[in-house]
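Working notes, beginning with the structure itself.
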Amino acid sequence: MNAALERQIAGLNPRQAEAVGITEGPLLVVAGAGSGKTRMLTMRIAALIERHGVDPTAILAVTFTNKAAKEMRERVQALLPGRGEAVTLTTFHTFCSQLLRKWHEAAGFPEGFTIYDEDDSEKLMKLVLADLNLDPKKCTPRAMQSVISQAKNELQGPEEFKPPHPEAERIKAVYKRYQEALTKNQAMDFDDLIFCVWKLLNARPDLLARLQERYRYFLVDEYQDTNTAQYKLIALLSSASRNLCVVGDEDQSIYSWRGATIRNIREFEKDFQGARVVYLEQNYRSTQGILDAASAVIANNAGTHKKRLWTTNGAGELPRFIHAADDREEADRIASEIRTLERDGIPYGEMAILFRMNSLSRTVEQALSSRTIPYEVTGGLKFFQRREVKDILAYLRFLGNRNDSIALRRIINTPRRGIGDTTVSKLAASGDLWGEVMVQAGASPRGKIAAFLKLMEELVGTAEHATVSALTKAILDRTSYFDWLNETEEEKEAEDRISNVESLLADIRFQEEENPQLSLREYLEKVALHADVDDLDETAERVHLMTLHNAKGLEFPVVFLMAMEEGVFPHHSSKDLPHQLEEERRLAYVGMTRAMRRLYMTAARRRMMFGGWTGNLVSRFISEVPAGMLTGRPAGGSGSAGTNWHPTPGSAASFSFLKSQAPAEESRDIRTPNPATQAPGYSFRKSTETSPAAESRSAAPDHPANSEPGTMLNLQSGSDVFHQVFGKGRVALVEGRSLGDFRLTIDFEKVGRKTLLLQYASLRVIKKQHTQEVKGC
DNA sequence: AACTCTGATGTGAGA
DNA sequence: CATCAGAGTT
């Protein structure tokens with residue numbers, strides 16, 4: 001009997017306790033926004049082990065992002081030190097990828113298969129379409145990808161697939177060729193990961209049986225966002241034990257465009273006979289005013305598992321609407337409001353600006369920058385998508401899989417070595433690009449191709465014994481990649497790119513610090529399955545900017561939902577299709593329910609978009625909030641809320657409420673992850689972000705908001721610092737002369753003494769020696 | 001044969 | 001406003 005656990009379970013509300021108590025058989029937990037489902041899930045796992053004697057290794061819990069998995073793992077470990085680790089807590093894609101590595105032979109793949117991201121698959125698709133002589137105007141690679149992705153999500157191969165399309169035969173042919181091309185490259189796309197596991201387990205009952213013997217208890221988080229393949233897979237795995245618990249909320253289903261089908265949660269009781277259903281309707285996150293407004297919006301959707309969210313957090317303030325004349329003014333209003341709130345004691349890190357699409361962040365970023373308000377963008381142009389990063393990753397990928405012709409095509413003339421498109425096309429004509437490279441190199445041993453081959457052979461040799469970071473360093477050295485950037489790019493651009501590559505190297509070193517055995521394969525898998533939110537740092541004292549999709553599962557005391565305009569949100573391509581409009585509405589619901597204490601919704605009358613002005617009407621989602629549930633909106637509808645708007649008198653005073661009201665325990669759990677175990681590696685974002693390398697390299701005058709001046713330089717022994725992996729520590733020794741080789745010896749509270757390279761260690765200064773300035777407190 | 005410039009083009013969310 | 005393909009230049 002674990003007293004701490006029992007105490008925590010006793011603190012659950014009756015419905016949560018019920019969900020924790022039903023351990024056998026199929027169970028659907030309808031978990032409204034902010035209803036403490038993560039808490040319930042972790043307790044459930046702990047209770048299975050502690051109360052019911054379930055072997056931790058028999059539990060498989062699946063979430064959608066690595067971040068969510070990691071948070072849950074930490075919580076389970078905290079409840080059951082020493083045993084929680086044995087629970088399999090992962091994402092669908094990681095689980096499948098690892099299974100395929102383990103059983104690659106049975107699956108018909110080499111162990112080092114590559115996972116293609118959408119860019120890679122698109123390149124491959126282009127080659128396939130060109131090969132089939134198809135008019136790229138008629139069937140764009142993107143369209144083809146989307147159709148094929150749908151097929152895979154429905155577990156249909158090229159043979160079974162019946163595209164609802166006049167050109168069905170042609171599409172099937174493309175699908176077939178695309179699949180052959182993937183196989184030839186020993187590569188899989190995201191959808192294949194799930195599909196291949198499904199095929200493997202159906203073809204090999206013995207392997208399925210092994211999994212079913214091992215795993216007896218299944219949990220799926222965010223069930224409303226599973227696609228058919230994921231649903232069938234989990235149903236198959238759990239069919240022996242029938243202990244399947246899924247948690248979700250159909251009102252928060254926002255990934256249908258990725259193949260997710262709301263049907264899975266709606267039909268759970270039909271799919272799994274005898275299923276029990278528990279509703280979690282008590283909300284621990286928001287005030288009633290926010291919940292009422294959000295509920296009013298979502299009430300316009302049809303739905304099956306209807307909920308009524310309630311809270312004991314009190315009525316709180318009404319959500320506010322701000323109608324600005326244009327996007328600049330909207331951004332200025334948001335920024336100045338943020339500044340006011342901060343002066344009133346709300347830390348920047350407790351505020352978030354959410355938007356429908358990434359391109360909307362620009363004006364807000366400018367407004368924040370001009371007021372030197374620190375912010376952080378999650379998502380957008382992704383780090384691993386940047387050209388220079390992809391270049392280096394392509395080298396690594398090719399070294400890990402010599403059949404990856406997409407990677408080879410990328411590096412064969414990068415940096416420029418005189419092997420252009422024409423040559424590559426000739427070489428590729430045989431269907432074996434790399435093989436032909438070797439043939440041609442033999443034919444003219446003094447030629448450019450031979451030189452390339454020699455380089456690659458050298459690197460292959462290095463790859464055999466070197467660590468991933470050493471290999472990467474070798475790639476950079478042997479190709480003179482930085483020199484090439486300096487020669488061919490503008491100075492500023494080259495600097496940016498170099499610092500991004502350095503950040504990549506820093507990331508690799510981080511991973512190696514965590515796992516000294518890190519293999520190239522593992523690293524590439526991590527990169528491929530990495531999500532933007534995985535590296536969101538909630539503890540950072542910066543305003544968070546992200547899309548609504550990225551905000552799912554998060555919460556912030558203050559939320560700004562911007563660009564609430566017809567055509568933007570709901571997005572113009574969704575307006576006319578009822579089911580798509582419903583998804584947009586769910587997205588609005590997700591956004592509104594992220595707010596704990598204060599919610600702003602903003603719109604602009606005109607907005608600069610795609611290089612031109614558009615005049616937009618206020619979003620219907622604003623109109624769907626009844627009068628009296630929203631302030632700042634003119635009663636008549638077309639009034640001038642914009643020009644008449646002033647901060648509500650007394651708004652400052654109302655913040656004592658924000659500050660004094662202790663957050664519910666649930667909320668605090670979510671929002672205060674243990675810093676020592678916070679996201680280690682992927683600490684990069686857009687170039688506006690500061691990586692240690694970028695920070696020391698350029699003064700970043702354009703982005704005063706993001707620079708933390710002097711934090712990295714002038715470090716002295718005695719300073720208190722914070723490391724993303726090792727937590728808090730004190731600098732014991734500083735060595736080195738130039739930026740490149742500063743070494744810090746740091747005594748960490750948790751893990752003891754470590755020596756780190758300043759250039760690569762993402763450190764934050766908490767307290768400098770000889771100053772009283774305190775950061776981050 | 002590779003590099004460079006220009007004009008046309010297409011713009012949603014993301015593991 | 002980016003990127004990209006294709007024409008024109010080295």
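First the proteins, then the strands, lettered A, B, ... as listed; each starts at 1.
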For A/Phe92, report the nucleic acid contact type (base, sugar-phosphate, nothing); a contact means any heavy atom under 4.0 Å.
nothing
So what does A/Asn550 hit on the nucleic acid, given a heavy-atom distance under 4.0 Å: a base, only sugar-phosphate, or nothing?
sugar-phosphate
Looking at B/dA13, I'd like to know if its phosphate oxygens (OP1 or OP2) sit under 4.0 Å from a side-chain N or O belonging to A/Asn358.
yes
Which of the following nucleotides, B/dA15, B/dG12, B/dA13, is nearest to the side chain of A/Arg258?
B/dA15
Is it true that a side-chain atom of A/Arg594 and a backbone atom of A/Glu555 form a donor plus acceptor pair closer than 3.5 Å?
no
Within the modelled atom types, does a donor on one side and an acceptor on the other bring the side chain of A/Thr547 and the base of B/dG14 under 3.5 Å apart?
no
Can you tell me which nucleotide in B/dA15, B/dG12, B/dG14 comes closest to the side chain of A/Asp191?
B/dA15
A/Asn185 (side chain) donor-acceptor with A/Ser405 (main chain) under 3.5 angstrom:
yes
Which part of the nucleic acid does A/Thr94 contact within heavy-atom distance under 4.0 Å: base, sugar-phosphate only, or nothing?
nothing
Is the phosphate of B/dA1, meaning OP1 or OP2, less than 4.0 Å from a side-chain N or O of A/Thr423?
no
salt_bridge(A/Lys67, A/Asp535) N-O dist < 4.0 Å
no
Ring centres under 6.0 Å, that's the criterion: do A/His549 and A/Tyr255 meet it?
yes
Planes under 30° and centres closer than 5.5 Å, is that true for A/His571 with the base of B/dG12?
yes
Contact class for A/Thr65 (heavy atom, under 4.0 Å): base, sugar-phosphate, or nothing?
nothing
Donor-acceptor pair, A/Glu565 side chain versus A/Ala604 backbone, under 3.5 Å?
yes
Check this for me: does the side-chain of A/Glu584 come within 3.5 Å of the base of B/dG12 through a donor and an acceptor?
yes
B/dG12 base to A/Arg356 side chain: any donor-acceptor pair below 3.5 Å?
yes
Does B/dA1 have OP1 or OP2 sitting under 4.0 Å from an N or O in the side chain of A/Lys426?
yes
Using a heavy-atom cut-off of 4.0 Å across all strands, would you classify A/Lys448 as base, sugar-phosphate, or nothing?
nothing
By nearest atom, which of the nucleotides B/dG12, B/dC3, B/dG14 is closest to the A/Arg416 side chain?
B/dC3
Would you say A/Lys126 reaches C/dA5's phosphate, i.e. side-chain N/O to OP1/OP2 under 4.0 Å?
yes
Sugar-phosphate only, base, or nothing, as touched by A/Asn413 at under 4.0 Å among non-hydrogen atoms:
sugar-phosphate
Please work out if A/Ile419 contacts a base, only the sugar-phosphate, or nothing of the nucleic acid, heavy-atom cut-off 4.0 Å.
sugar-phosphate
Give A/Arg362 one of three labels, base, sugar-phosphate or nothing, depending on what nucleic acid heavy atoms sit under 4.0 Å from its own.
sugar-phosphate
